[in-house]
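Since the structure comes first, as structure tokens, the remarks are kept for the end.
Model, not experiment: these values are computed from the prediction. Chain letters run A, B, ... following the sequence lines, proteins first and then strands; every chain starts at 1.
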Amino acid sequence: MKSAHKKAVLGKTIVYLILIIIALLMLIPFVWMLSASIKTDREVFIMDPFVLIPKDPRWSNYTNIWKKIPFGKFVENTVFLTLVVTFLQLLTSSFAAYAFAKLDFKGRNKLFLAYIATIAMPWQVYMVPQFLMMRSMGLNDKLLAIICLQAFSAFGVFMMKQFYTDIPDELCEAARIDGMSEYRIYFKIMLPLSKPALSTLTIFTFVATWNDYLGPLIYLRSQSKKTIQLGLKMFISQYSSDYGLIMAGSVLSLIPVLAVFLMLQKYFVEGVASTGLKG
Amino acid sequence: MAKPHLSRNLKRNLVAYSFIAPNFIGFCVFTLLPIVFAFVLAFCKWDGSNPIEFMGFKNFTRLFGDTFFKAALKNTILYCLGTVPLTMVASLGLAIVLNQKVIGRGVFRTLSFFPYVASLVAVTAVWKMLFHPTKGPINSILVNVFGHDPQLLPQWFSGSLVLVSMILFSVWKFMGYYMVIYLAGLQGISSELYEAASLDGAGTWNKFRYITWPQLSSTTFFVVVMLTINCFKIYDIAVMLAGGGSGELTESSTVLVFYIYQKAFINWDLGYSSAVAMVLFVMVLTVTVIQFYGQARKERTDR
């Protein structure tokens with residue numbers, strides 16, 4: 001008995017040891033980022049001794065970054081894009097998914113097949129022709145291009161359809177007998193029920209749009225149209241040794257996305273887990 | 001009698017189409033059409049302004065003699081071969097540890113998601129500092145703790161080591177994501193199996209070997225497929241870690257998507273760029289087809 005107990009304690013110790021090591025690996029880059037963001041460029045690499053918070057923290061890094069580059073404009077563009085894309089994505093894909101899941105109409109399977117067929121198609125394969133088309137529509141160097149690019153994904157329709165299919169049909173049938181129009185059923189019954197799925201889609205879309213780099217890189221050329229990711233990358237290329245400022249900008253760029261993640265993380269985890277189970 | 005029935009049908013169809021239209025129109029214009037265009041373009045020569053010229057398979061035969069393309073393909077595959085197994089093992093290990101009854105499980109899970117959610121520009125900037133060849137803490141630990149020769153310190157972001165850096169970074173960034181998929185898989189394993197094994201005197205390793213691993217086979221299959229496809233699409237990690245000031249990649253660090261980007265937006269060789277894109281498409285398609293048949297086979301055996 002005693003040796004079994006000893007073994008269990010040893011097992012637990014090993015588990016916690018692994019956990020602590022992993023937590024450190026995950027956290028160190030972020031701690032480093034925070035610490036370096038309040039240091040001077042000379043202080044950041046001093047390892048002997050390494051100080052987490054310097055005696056004279058350089059908070060001015062956080063104000064200077066707004067002056068060195070039009071950081072405010074970048075934030076404004078990114079927030080605008082993220083909000084509009086997320087809103088459109090939620091609205092149009094839940095709208096379409098409702099029809100695919102709950103309505104019977106001509107060509108339903110064929111239309112849905114069009115969505116399925118593109119699932120295996122990486123965006124990188126058609127990003128060039130997509131750009132050429134948008135350019136011919138006069139969307140080059142316009143924020144609208146990024147909205148068109150991100151707002152109508154097949155992924156959103158899939159996810160919402162999956163969710164709506166699991167809601168019993170009787171619910172809609174009963175409402176139809178009561179004389180409710182399909183639009184009312186969607187707004188009054190389905191939409192309130194789909195809060196979890198909408199939350200999952202929100203966090204996925206938010207994170208993807210906020211962090212997107214290649215899309216904005218292709219479309220947004222002028223300084224006043226740039227997003228935070230592009231702006232930060234530009235700053236890093238120009239002032240590659242202004243480590244304190246780079247880190248301050250990095251911290252600022254992470255705050256919104258981490259905040260949204262922490263608020264909605266339950267739905268994020270559920271979303272990821274369910275995609276795995278399906279496969 | 002037939003007429004009101006017909007018009008009711010028509011009305012029903014119209015209502016349904018009105019639901020689909022907002023998304024479908026956007027989807028057609030910005031996804032479907034460009035995809036068709038991509039296939040056509042791969043067989044043409046175009047610089048974006050002069051008339052398009054049909055080329056047949058010339059773009060594809062040109063690929064065989066293009067050393068930069070071959071380097072991009074080779075690097076993408078090597079990156080994939082390194083990242084997929086390492087991420088899989090790390091995320092499975094993490095999931096098994098987090099599936100135990102441990103204090104602060106939720107906190108650990110949240111933490112392991114941070115790298116995944118955090119934007120690449122910010123976290124790669126930190127990595128470039130941590131692995132800085134002359135000033136970075138990683139190399140200074142190599143010198144001061146492990147007695148590494150200060151003259152021969154590893155150059156993490158150039159030459160042959162750049163792929164290693166990309167792989168290490170990717171494992172760090174993605175393991176939390178796949179860990180959640182594994183956690184869901186682990187929670188689907190019946191605890192009775194483990195109890196029965198305990199009665200038979202099975203140790204931790206045997207439980208893993210004969211219960212956990214086989215029970216997770218479909219999860220592992222899915223994780224490997226997803227990881228492989230995502231690795232094929234690598235672009236920004238390479239550009240941020242290895243790219244110079246203007247983001248250009250050399251032969252030792254170039255990847256397929258970068259080559260697509262470079263050929264199109266720097267050289268305006270649009271047809272050729274699309275031919276490279278087709279190679280990427282065939283790679284992803286192959287993995288998808290394997291997944292499709294693997295899944296179908298599994299469903300047959302489950303029945």
Side-chain angles (χ1 to χ4, degrees), chain A residues 15-16 18-19 22-23 26-27 29-30 32-33 45 47 92-93 95-96 98-99 103 105-106 111 114 118 120-122 124-126 128-130 132-133 148-149 151-152 154 157 182 207 210-211 213-214 218 229 232-233 236-237 243 246 250 253-254 257-258 261 265 269 272-273 276-277 279, chain B residues 12-13 15-16 19-20 22-24 26-27 30-35 37-38 41 48 94 97 100 102 108 110-112 114-115 117-123 125-127 129-130 135 137 140 177 180-181 184-185 219 222 233 235-236 245 257 260 264-265 270 273-274 277 280-281 284-285 288:
Chain A
V15 164
Y16 277 106
I18 297 173
L19 273 182
I22 290 171
M26 293 293 168
L27 266 185
F30 294 101
W32 175 277
M33 189 190 288
F45 283 119
M47 290 301 293
T92 67
S93 46
F95 217 51
Y98 174 73
L103 299 178
F105 58 93
K106 217 176 144 212
L111 286 177
T118 62
M121 178 60 86
Q124 288 84 348
V125 170
Y126 60 89
V128 174
Q130 188 184 46
L132 297 170
M133 284 178 58
C148 297
L149 187 89
F152 309 102
V157 178
E182 296 296 340
V207 171
W210 188 274
N211 289 341
Y213 178 75
L214 189 50
I218 293 174
Q229 307 304 329
L232 200 57
K233 184 72 179 59
I236 293 172
S237 316
Y243 292 105
I246 292 173
S250 299
S253 80
L254 288 186
V257 78
L258 287 184
F261 167 68
Q265 69 158 312
V269 172
V272 177
L277 284 184
Chain B
R12 208 173 56 182
N13 282 343
V15 168
F19 271 97
I20 292 170
N23 192 281
F24 193 75
F27 170 73
F30 300 113
T31 304
L32 276 186
L33 278 177
I35 289 175
F37 193 10
L41 205 53
L94 188 57
V97 171
Q100 319 283 319
V102 289
F108 283 115
T110 306
L111 281 184
S112 53
F114 267 36
V117 186
S119 65
L120 258 174
V121 182
V123 286
V126 177
W127 270 65
M129 288 176 77
L130 293 175
K135 297 182 273 185
S140 85
Y177 183 87
V180 171
I181 297 178
T219 311
F222 177 77
K233 297 192 278 194
Y235 166 81
D236 23 19
V257 176
I260 298 173
F265 299 120
L270 300 167
S273 155
S274 249
L280 174 67
F281 169 65
V284 172
L285 186 71
T288 313

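- Within the 3.5 Å criterion, the main-chain N or O of B/Ser119 finds no donor-acceptor partner in the side chain of A/Gln229.
- Between the side chain of B/Asn13 and the backbone N or O of A/Phe105, no donor-acceptor pair lies under 3.5 Å.
- Ranking A/Tyr243, A/Trp210, A/Phe261, A/Tyr98 against chain B, the residue ahead of the rest is A/Phe261, based on heavy-atom pairs under 4.5 Å.
- The nearest pair of heavy atoms linking A/Val125 to B/Ala38 is O-CB, 4.1 Å.
- Both the backbone and the side chain of A/Glu182 have a heavy atom closer than 4.5 Å to some heavy atom of chain B.
- The structure places CG of A/Leu19 at 10.5 Å from CG of B/Leu111, a figure rounded to the nearest 0.5 Å.
- Heavy-atom minimum distance, B/Val117 versus A/Asn211: O-ND2, 2.7 Å.
- Although no hydrogens or angles enter the test, the distance criterion places no donor-acceptor pair under 3.5 Å between the side chain of B/Asn23 and the main chain of A/Phe95.
- Heavy-atom neighbours of A/Lys106 NZ from other residues, nucleotides or ligands within 6.0 Å: at or below the threshold of 12.
- One distance of note links CD of A/Gln124 with CD1 of B/Ile260; it measures 7.5 Å at 0.5 Å rounding.
- Rounding to the nearest 0.5 angstrom, the gap separating the CD atom in B/Gln100 from the CD1 atom in A/Ile18 is 9.0 Å.
- Annotation: the span from A/Met121 atom CE to B/Thr31 atom OG1 amounts to 10.5 Å, rounded to 0.5 Å.
- Of the inter-residue distances, the one linking B/Phe27 atom CZ with A/Thr92 atom OG1 reads 11.5 Å to the nearest 0.5 angstrom.
- Note that the CD1 atom of A/Ile22 and the CZ atom of B/Phe108 stand 8.5 Å from one another [nearest 0.5 Å].
- Comparing A/Val128, A/Val207, A/Leu103 by heavy-atom pairs within less than 4.5 Å of chain B, the highest count is held by A/Val128.
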